[in-house]
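Chain letters run A, B, ... following the sequence lines, proteins first, then strands; residues in each count from 1. Just so we're clear, the structure is a prediction, and the values are computed from it rather than from any experiment.
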Number of protein chains: 2
Amino acid sequence: MSTVVRPSLIEIAPQSMRPTALPDHVYAVLKQRILSCAVQPNERLIEKKLCEELRISRTPLREALNRLSHEELVSFQPHAGYRVAGITLAGFRNLIELRSIVEPQAAALAAERATPGDIAALRAQATLPYDPSEDRSFVQYCQANSRFHLLVVRCARNPMLENIVMSALDMYQRPTYLRIGRQMDPGNPSSKHHAIVDAIEQHDAEAARKVMYRHIRGGGERIMTALRDARIA
Amino acid sequence: MSTVVRPSLIEIAPQSMRPTALPDHVYAVLKQRILSCAVQPNERLIEKKLCEELRISRTPLREALNRLSHEELVSFQPHAGYRVAGITLAGFRNLIELRSIVEPQAAALAAERATPGDIAALRAQATLPYDPSEDRSFVQYCQANSRFHLLVVRCARNPMLENIVMSALDMYQRPTYLRIGRQMDPGNPSSKHHAIVDAIEQHDAEAARKVMYRHIRGGGERIMTALRDARIA
DNA sequence: ACAAAATATCTTGTATACAAGTATACAATC
DNA sequence: GATTGTATACTTGTATACAAGATATTTTGT
């Protein structure tokens, strides 16, 4: 393949993702498009079109699509192709259940294992930027929220938990985004976040668990009713 | 590709896996070889050799290898190739932690949601076949144990939890197998399994959670000390 | 006009050729 | 003798051609 620049790959990739190899590039770009709803849920993904658009061949593209389908961000049927994963109420309910199982326990472990440096990082990320007057801030808000939750899990020092939560947060992003796009009150979670950091700072595992549980359940319920009302899923 | 039979693909694939497409075949065969330690931990996996051996091309093989590396059963470095994942004490500790977070909660949900049919299926799978005189029964024992734990999670009616536990059980198999292969007492878990089914049958979520937690922690600790003593990891 | 079947087109599935990067072995030098 | 540079062989990375299966359309029969 030639060494021409691929402008379409530079795009809006967030600084958190630092792809190096071609399949990673493609994966990051497609994931970004999906999570930001730049491509609609259930929209079909045609290999050939994506290849031409991204100026790559099918091999690295398919690798990226396979990864995305494993993370259930795209659905796949043999010989029938790939689609952007749909958003369903049942799926979101399962997602909330998963998060409310894993993250509170991870927060409890974080309370036991977090270093002073960890706690400073958490505190810095606890307050979310949210400015209703700017449209662009929606996506940034979601991403900042994800970063905080990921940072908490990271304090538990268990990469397996980290991967699970990372994937769960990715799946959580679209419903959050759709809901905020319609109903302007994100129910500012910054205070909850600071309460979680407080508990971790005091090494109070039980408190960290409880606050995180209530935070996830509360936010999840609000998004779920919004989705139901808007008949999105 | 020609339509000749591929004898190497039929092999020892367990009946639980029903692969249809070529990448699924390959995935199942490789996974089986890895989990049964037919290929050693850290052993290198050369694409060309596997292609010739399995009579397939590199495309479906690479798809299978990618899946396996995503499940952390094989490790991968760009341009340096694939290896069977190694077994480390830290990794196993993380795995126990993950299981002891997810499975007890899943058991609690199972106690709330299991149908009479579910409970009958659990009861049927609770007693594990173990005959120390037969070498072959080791693998079967491990698989039967995995099936029981998977069946419990299935009662929670949450496919995401199911996938996580399925992957965790796969990763758990090799340490279990290695340990039993050295030290003959598997510490018969059948009684614990029946206690779990009892709790689920009585819809006692709290009891189900506690028994499952102790079961996983106990078994995990025993395997971990055995690994440490044998200097496997 | 409606339904069913056949065909044409499009999409994915697999194989393979070629490009690029890595590791190893050997030789030269310190 | 150890170490570093270099060349070669080997392995993976990407692209593309061809095969097989699915879908949509059209045509034909009732």
Side-chain angles (χ1 to χ4, degrees), chain A residues 1-10 18-30 34 39-40 42-70 72-86, chain B residues 1-10 18-30 34 39-40 42-70 72-86:
Chain A
M1 104 144 270
S2 61
T3 52
V4 293
V5 287
R6 279 179 281 276
S8 52
L9 284 176
I10 293 164
R18 284 218 157 276
T20 52
L22 205 39
D24 291 338
H25 276 280
V26 178
Y27 168 80
V29 170
L30 291 180
I34 292 168
V39 289
Q40 295 283 322
N42 294 106
E43 189 174 327
R44 201 158 167 197
L45 295 171
I46 307 293
E47 291 185 6
K48 197 182 166 193
K49 286 186 185 173
L50 288 171
C51 286
E52 288 166 359
E53 188 184 345
L54 302 176
R55 304 286 213 320
I56 54 165
S57 79
R58 286 176 58 205
T59 310
L61 173 70
R62 284 176 61 103
E63 194 177 319
L65 286 173
N66 281 330
R67 282 173 64 181
L68 289 166
S69 76
H70 276 16
E72 309 205 59
L73 291 175
V74 316
S75 61
F76 170 74
Q77 262 191 315
H79 288 284
Y82 299 85
R83 289 177 176 277
V84 178
Chain B
M1 100 143 272
S2 62
T3 54
V4 293
V5 287
R6 278 180 285 275
S8 51
L9 284 175
I10 292 165
R18 284 217 157 275
T20 53
L22 205 38
D24 292 338
H25 275 279
V26 177
Y27 169 81
V29 169
L30 291 180
I34 292 168
V39 289
Q40 294 283 321
N42 294 106
E43 189 175 327
R44 201 157 168 198
L45 296 170
I46 307 293
E47 292 185 5
K48 198 181 165 194
K49 285 185 185 173
L50 289 172
C51 287
E52 289 167 359
E53 188 185 343
L54 301 176
R55 306 286 215 319
I56 54 164
S57 80
R58 285 176 59 206
T59 310
L61 173 70
R62 284 176 61 105
E63 195 176 317
L65 286 172
N66 281 331
R67 283 173 63 180
L68 289 166
S69 75
H70 193 264
E72 308 204 62
L73 291 175
V74 316
S75 60
F76 170 75
Q77 262 190 314
H79 287 285
Y82 300 86
R83 290 179 176 276
V84 178

Measure [atom1]/[X] against [atom2]/[N] and give the value in whole Å, please.
X: A:Ile46; N: D:dA24; atom1: CD1; atom2: C1'; result: 13 Å
X: A:Arg83; N: D:dA22; atom1: CZ; atom2: C1'; result: 13 Å
X: B:Leu22; N: D:dG21; atom1: CG; atom2: P; result: 13 Å
X: A:Glu52; N: C:dC10; atom1: CD; atom2: C1'; result: 13 Å
X: A:His79; N: D:dA22; atom1: NE2; atom2: C1'; result: 8 Å
X: B:Leu61; N: D:dT11; atom1: CG; atom2: P; result: 14 Å
X: A:Glu63; N: C:dG13; atom1: CD; atom2: C1'; result: 16 Å
X: A:Glu47; N: D:dA17; atom1: CD; atom2: P; result: 16 Å

Note to self: Just verifying a value: how many Å separate A:Glu52 CD and A:Ser57 OG, rounded to the nearest 0.5 Å?
What the structure shows: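 Rounded to the nearest 0.5 Å, the CD-OG separation comes to 12.5 Å.
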Notebook entry, point to check: From B:Asp24 CG over to B:Glu63 CD, what is the distance, rounded to the nearest 0.5 angstrom?
Noted result: 7.5 Å
Checklist line | First encountered from the 5' end of DNA chain C, between A:Thr59 and B:Arg44 | finding: A:Thr59
Notebook entry, point to check: Residues in side chain to side chain donor-acceptor pair (under 3.5 Å) with A:Arg83, at least two apart?
Noted result: none
Checklist line | Pairwise side-chain contact, A:Val74 with A:Leu30, heavy-atom cut-off 4.5 Å (strictly under) | finding: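 No; the side chains remain at least 4.5 Å from each other.
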Margin query: With nearest nucleotide decided by heavy atoms, which residue, A:Gln77 or A:Arg58, maps closer to the 5′ end of DNA chain D?
Written below: A:Arg58
Notebook entry, point to check: Hey, which of these two, A:Pro78 or A:Pro60, hits DNA chain D nearer its 5' end, going by closest nucleotide?
Noted result: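 This one resolves to A:Pro60.
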Check: Can you name the closest pair of heavy atoms from B:Ala64 and B:Pro23 and give their distance?
Finding: CB-O, 3.9 Å
Item checked: Verdict with supporting geometry, B:Asn66 and A:Asn66, side-chain contact (heavy atoms from CB on, under 4.5 Å) -> CA-CA 9 Å; B:Asn66 281 331; A:Asn66 281 330; 5.9 Å; no
Notebook entry, point to check: With sugar-phosphate meaning primed atoms plus P, OP1 and OP2, does B:Leu65 contact a base, only sugar-phosphate, or nothing at under 4.0 Å between heavy atoms?
Noted result: nothing
Next item on the list: To the nearest 10°, let me know how far the axis at one end of the helix from C:dA1-D:dT30 to C:dC30-D:dG1 is tilted from the axis at the other, five pairs an end.
Entry: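 Both end axes considered, the difference amounts to 10°.
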Check: Has B:Ser57 got a side-chain N or O lying under 4.0 Å from the OP1 or OP2 atom of C:dA15?
Finding: yes
Note to self: Any side-chain N or O of A:Arg62 below 4.0 angstrom from OP1/OP2 of C:dG13?
What the structure shows: yes
Note to self: Could you work out, with side chain to side chain contact (heavy atoms under 4.5 Å, CB included) as the rule, every residue matching B:Glu47, not counting sequence neighbours?
What the structure shows: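 Only B:Arg58, B:Leu61, B:Arg62, B:Leu65, B:Tyr82 meet the side chain to side chain contact (heavy atoms under 4.5 Å, CB included) criterion with B:Glu47.
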